[in-house]
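Everything on this sheet refers to the single structure shown next.
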Amino acid sequence: MDQVYSLRHLGFFSKHLLTVTGEGFYYKDTLYTRDDVKKLFVSGGGVGPRRMGVHLADGRKILINAVALELNGVKPKTGFFSGTNQVFEELRAYFEGQST
């Protein structure tokens, strides 16, 4: 089953971010594989939300905020002290190539 990730803006509406499929992931209507991920930066946590920056081979960058991230239209609960959630950590593991 495809996993559809979106970002919630201002608590009222969601904007589609990317879709993970068996073939790879779609970002802005372009199919990428994990081999197209050139750099991955994760920052924050503790007193603020975790953030992730994904640099792709074609020069595009995906910016992800753990607090705003949703999976299949469901917003996960973000830890107050950790600044992260399970959906964010699973997506991070996917980009790092640690999950299938």
Measure the shortest side-chain to side-chain distance between [X] and [Y] over non-hydrogen atoms and say whether it is less than 4.5 angstrom.
| X | Y | value |
| --- | --- | --- |
| Phe25 | Leu56 | yes |
| Arg92 | Val42 | yes |
| Met52 | Phe41 | no |

Nearest 0.5 Å, please: how far is [atom2] in [Y] from [atom1] in [X]?
| X | Y | atom1 | atom2 | result |
| --- | --- | --- | --- | --- |
| Arg8 | Ser6 | CZ | OG | 7.0 Å |
| Leu69 | Glu90 | CG | CD | 10.5 Å |
| Leu18 | Leu7 | CG | CG | 8.5 Å |
| Lys38 | Lys61 | NZ | NZ | 15.0 Å |
| His16 | Glu70 | NE2 | CD | 11.5 Å |

>> Between Ile64 and Tyr5, does the side-chain contact (heavy atoms from CB on, under 4.5 Å) criterion hold? Intermediate values first, please.
In response: CA-CA 10 Å; Ile64 304 166; Tyr5 292 90; over 6 Å; no

>> Arg60 vs Tyr27, test: side-chain contact (heavy atoms from CB on, under 4.5 Å). Steps then yes/no.
In response: CA-CA 9 Å; Arg60 285 183 167 170; Tyr27 176 67; 4.0 Å; yes

> Asp2 and Tyr26: side-chain donor and acceptor closer than 3.5 Å?
Replying inline: no

>> Going by side chain to side chain contact (heavy atoms under 4.5 Å, CB included), Ile62 matches just one of Val54, Leu40, Leu91. Which one?
In response: Val54

>> Between Gln3 and Thr19, does the side-chain contact (heavy atoms from CB on, under 4.5 Å) criterion hold? Intermediate values first, please.
In response: CA-CA 6 Å; Gln3 296 176 321; Thr19 302; over 6 Å; no

>> Applying side-chain contact (heavy atoms from CB on, under 4.5 Å) to Val37 and Lys39, what does each step give before you reach the verdict?
In response: CA-CA 6 Å; Val37 176; Lys39 292 181 187 176; over 6 Å; no

> What heavy-atom pair brings Phe88 and Arg50 nearest, and what distance separates the two atoms?
Replying inline: CE2-CB, 3.6 Å

> What's the shortest heavy-atom distance between Asn85 and Ala66, and which atoms?
Replying inline: ND2-O, 2.9 Å

>> Determine whether a donor-acceptor pair (N or O, by modelled atom type, separation under 3.5 Å) exists between the side chain of Asn65 and the backbone of Arg51.
In response: no

> Under the 3.5 angstrom rule, does the side chain of Asp36 hit a backbone N or O of Asp58 as a donor-acceptor pair?
Replying inline: no

